[in-house]
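Below is one structure; the comments refer to it alone.
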There are 2 protein chains.
Amino acid sequence: MISRAESAAATRRALLDAAAGLLDSGGPDAVTLREVGARAGVTRGAPYRHFPDKDSLLTVVAAEALDRLADQVQAVCAEPQASPADKLHRALSALMTVGRRQPHLYRLMFASPAGDPAAVHAAIQAADRAMDAFLAVVGDLVGAQHTRQFAALLLTSAHGITDMEVSGHLSADKWHITAEELVSTLVSMIDRQARSG
Amino acid sequence: MISRAESAAATRRALLDAAAGLLDSGGPDAVTLREVGARAGVTRGAPYRHFPDKDSLLTVVAAEALDRLADQVQAVCAEPQASPADKLHRALSALMTVGRRQPHLYRLMFASPAGDPAAVHAAIQAADRAMDAFLAVVGDLVGAQHTRQFAALLLTSAHGITDMEVSGHLSADKWHITAEELVSTLVSMIDRQARSG
DNA sequence: TTGTTCAGATGACGTTGTCACCTGAACAAC
DNA sequence: GTTGTTCAGGTGACAACGTCATCTGAACAA
């Protein structure tokens, strides 16, 4: 780790990790470029050598998280001994787990990507990859004819369930139902629908 | 409009309107207390006579929007000549219309309320009112037995569909389906499920 | 009439994102 | 090996921001 390129790559990685850590622990307001730089071992101006502005840095953080999610869903899809219904359940669980463990990151992943066009493009591409992996999982379960329709419904609904749970708008007191039960109900309904129609 | 109380109430209203206007046109970053004050005809420190901090002001803006949505859904529910399925469709349309016409406000409404406990409580209460109105609409359609379950599923799913459309993650190119079609599919599925089970 | 309350104005402070400029070391060309 | 260049990083500076302490003047109660 002596060459200039290696050092720069290490700094860039440290900046992204620091930003992700601050986002997790303190929310978007806690992500300040000064603190990001400090945690990465550099000073306030250094991040601008790697990202055009703060929005771009956060968008790249979101893109990396979407890439990890895509990897997880792809891994689920590749499991040989799991049934299609099982795969779907695990893929949706991966999404909800991000929301529960890293709520601020989750909101960033599903926000409109902002900042540098390159960063925005990376985020869109990563989201596309995650959605393609999810499409494959759903395609295993239902006929190819309605794959897109059901996949879109499953994904948007799972996102809505997760998002409202994360924000506290899905309180158990009021609804007497958990996010898991909602997802199960949805999946079984779609399963029935796919079989009958 | 001469008394001190009336003047203060007018200023408070102007502050809320200014904040909502700035949020609509420029997003959360455009909402600065200085500009809010300027648009309301006061100076930067004046908002602190009406709201403890910026978060509380924005949370009250969200609470008022949720109250308006609750009113709309209640009005839909009270329509005499509409069928239950029609009412449900209109209630969900009201939600999606907010998302499309005022995307930044929509995200604020479904975010975790922040700031002053009084403001947070107002937002939670307004959200509860909106959800109660929605529960009534769904109760008209399905049996009382599964009202909560189906209402929760419909609301969270409609939110997810709207949220992903607003953020651009539900591109027509990729999914070949519109938000309306997704909602219709969901409603008809639940309708069938409610009839059969 | 007099004292009080309170909405609003003003000055100030620390923090933030961002830029222009500087420094030193890695690198390429000779 | 010398020399010129590139570029990651450091530093000073700026405007804008949220927030607070303090002041002022008018509405209000006595």
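A, B, ... follow the sequence lines: proteins, then strands. Residue 1 opens every chain. From a predicted model like this one, the values you see are computed outputs, not experimental measurements.
- Map A:H50 and B:D55 each onto its nearest nucleotide of DNA chain D; the residue landing nearer the 5' end is A:H50.
- Nearer to the 5' terminus of DNA chain C, by closest-nucleotide assignment, is the contact made by B:A8 (compared with the other of A:D53 and B:A8).
- Regarding A:R44, its CZ atom lies at a distance of 8 Å from the C1' atom of D:dG10, rounded to whole Å.
- Straight-line distance from the CG atom of B:D29 to the C1' atom of D:dA15: 16 Å, rounded to whole Å.
- Looking at A:S56 and A:D53, their side chains do bring a donor and an acceptor atom within 3.5 Å of each other.
- Put simply, A:T11 has no side-chain N or O that comes within less than 4.0 Å of OP1 or OP2 on D:dA8.
- Contact check, A:T32 against C:dT15: no side-chain N or O comes under 4.0 Å of OP1 or OP2.
- In this structure, CG of B:L33 is placed 13 Å from C1' of D:dC20, rounded to the nearest angstrom.
- Judged by distance alone, the side chains of B:E6 and B:S3 do bring a donor and an acceptor atom under 3.5 Å apart.
- Counting atom types as modelled, A:R4 pairs a side-chain N or O with a base atom of D:dT6 as donor and acceptor under 3.5 Å.
- Distance, B:R49 CZ to D:dT22 P: 13 Å, rounded to whole Å.
- Taking atom CD of A:E35 as the reference point, atom P of C:dT18 lies 17 Å away to the nearest angstrom.
- One interatomic measurement links the two molecules: CZ of B:F51 to C1' of D:dT19, which rounds to 16 Å at whole-angstrom precision.
- Residues B:A82 and B:R90 approach most closely at CB-NH2, 4.3 Å, considering heavy atoms.
- D:dA29 is paired with C:dT2 under the criterion used here, namely a Watson-Crick or G-U wobble arrangement in which both key atom distances are under 3.5 Å.
- In this structure, B:Y48 atom OH and D:dC23 atom P are separated by 20 Å, rounded to whole Å.
- For the pair B:M189/B:T185, a side-chain contact is recorded, criterion being any heavy-atom separation below 4.5 Å from C-beta on.
- Ion pairing of A:R100 with A:E180 is present here, as a side-chain N (NZ or NE/NH1/NH2) and a carboxylate O approach within less than 4.0 Å.
- Counting distance only, with no hydrogens placed and no angle test, the side-chain atoms of A:R34 and the base atoms of C:dT15 include no donor-acceptor pair under 3.5 Å.
- Partner assigned to C:dC13 is D:dG18, using Watson-Crick or G-U wobble distances below 3.5 angstrom.
- Among the protein residues, B:V36 comes within range of no part of the nucleic acid, since none of its heavy atoms lies under 4.0 Å from any strand.
- Between the CZ atom of B:R12 and the C1' atom of C:dG8 there is a distance of 17 Å, rounded to whole Å.
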